[in-house]
Amino acid sequence: MEIVINGTAREVADDMSLDRAVELISSAATGIAAAVNGEVVRRGSWPSTRLASGDQVDVLTAVQGG
Amino acid sequence: MTEVQGDDPLVLGGQKFGSRLIMGTGGAPSLDVLGRALTASGTEVTTVAMRRIDPASPGSVLDLLAERGIKVLPNTAGCFTAAEAVRTARLAAEALATTWVKLEVIADEVTLLPDPVELLDAAERLVAEGFTVLPYTNDDPVLARRLEQAGCAAVMPLGAPIGSGLGIRNPHNIELMVHAASVPVILDAGVGTASDAAFAMELGCSAVLLATSVTRARDPELMAAAMRSAVIAGRLAFRAGRIPRRFYAVASSPPVTG
């Protein structure tokens, strides 16, 4: 299926879990957060969150700013 | 330990800080330069923005702050609506394990001025969710009062638009806020050089938040040291009490006699 991670469309395995999708972007143990279709998903819930075709996944961290 | 002998610490969101200079991290030419500037500034709280991870990005601003024992204050820079700001604050809380947020809800890209309606809405929602909300606001004493009533832990009026370096355009309004507020008033944005930071403190602000004036200075580390001294000087002057302005001279030497 196709999902969009940080604005880029990617072909991934069907029913991929959110923790696997995040791993495609970062392996950081702390300092990152993820949202699916704009809703923040707690880190503890990443493995049990199944993604669906067309989902928009955002993986964020702190950068210089302000 | 405060930077001014005999001074009270800055109390923000129930925490005490010796330094009254809050730094931002935007605009620095490199992490190395930023790190040296932060050390020179003596800051204990520093803002960061939340963005999509860029795998090509070198180093981490979080490591830089952690190494120096500086508290991370995530902001909602780039948000135009209350909904966006609330979501960004939640992401920051999840990523950084903090419930503090510098709330920015801007109206447009040209002025970067706060949108007061969206700002107050976002502040009310985030306070209800248990956040310690530090709102970047206009130099409007009435809006500041509404933000305080909404439960914000401070009010942070701009001296002038972000990055403009125009100084404090309406010092009377800043003084009105200081007189009315029971939470810290923190001058946020507009500082161009050290005298602007000192002036903010002389007006009675509890702290100054700045970034561009340091990070885009020719020598950021040196300007950070200047800002540190300026905030201390302004605080000392505020505590000492300035003399009244007079139309005519008042001789400082005794009259010549005999």
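None of these values were measured; they are calculated from a predicted model. In what follows, chains carry the letters A, B, and so on, assigned in the order in which the sequence lines appear, proteins first and then strands, with residues in each chain numbered from 1.
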Response to the item:
Closest non-hydrogen atoms of B:L91 and A:A35, given as atom of the first, atom of the second and distance, are CD2-CB, 4.1 Å
Fill in: Engaged part of B:L34 at the chain A interface, taking heavy atoms whose separation is under 4.5 Å
side chain
Check chain B and chain A for donor-acceptor pairs under 3.5 Å and report each one on its own line.
from, atom 1, to, atom 2, distance (Å)
B:T25, N, A:G66, O, 3.1
B:T25, OG1, A:G65, N, 2.8
B:T25, OG1, A:G65, O, 3.2
B:G26, N, A:G66, O, 3.2
B:T47, OG1, A:G65, O, 3.2
B:A49, N, A:V63, O, 2.9
B:A49, O, A:V63, N, 2.7
B:R51, N, A:T61, O, 3.0
B:R51, O, A:T61, N, 2.9
B:R52, NE, A:D58, OD1, 2.8
B:R52, NH2, A:D58, OD1, 3.0
B:I53, N, A:V59, O, 2.9
B:E94, OE1, A:R42, NE, 3.0
B:E94, OE2, A:R43, N, 2.5
B:A95, O, A:G31, N, 3.3

Worksheet entry | Sole candidate of A:L60, A:I25, A:I5 that passes side chain to side chain contact (heavy atoms under 4.5 Å, CB included) when paired with B:I53 | A:I25
Worksheet item: So which of B:P74, B:A95, B:G26, B:A97 has the biggest tally of heavy-atom pairs under 4.5 Å with chain A?
Response: B:A95
Fill in: Set of side chain to side chain contact (heavy atoms under 4.5 Å, CB included) partners for B:A93, sequence neighbours left out
B:F131
Response to the item:
Okay, B:A28 and chain A: the region with an atom under 4.5 Å from a heavy atom over there is both
Worksheet, complete the sentence: The interface call for A:A28 against chain B, heavy-atom contacts under 4.5 Å, is neither
Worksheet item: Checking heavy atoms, do the side chain of B:L62, its backbone, both or neither come under 4.5 Å from chain A?
Response: side chain
Worksheet, complete the sentence: Of the listed B:G24, B:A189, B:G78, B:A49, the one with the largest count of heavy-atom pairs under 4.5 Å with chain A is B:A49
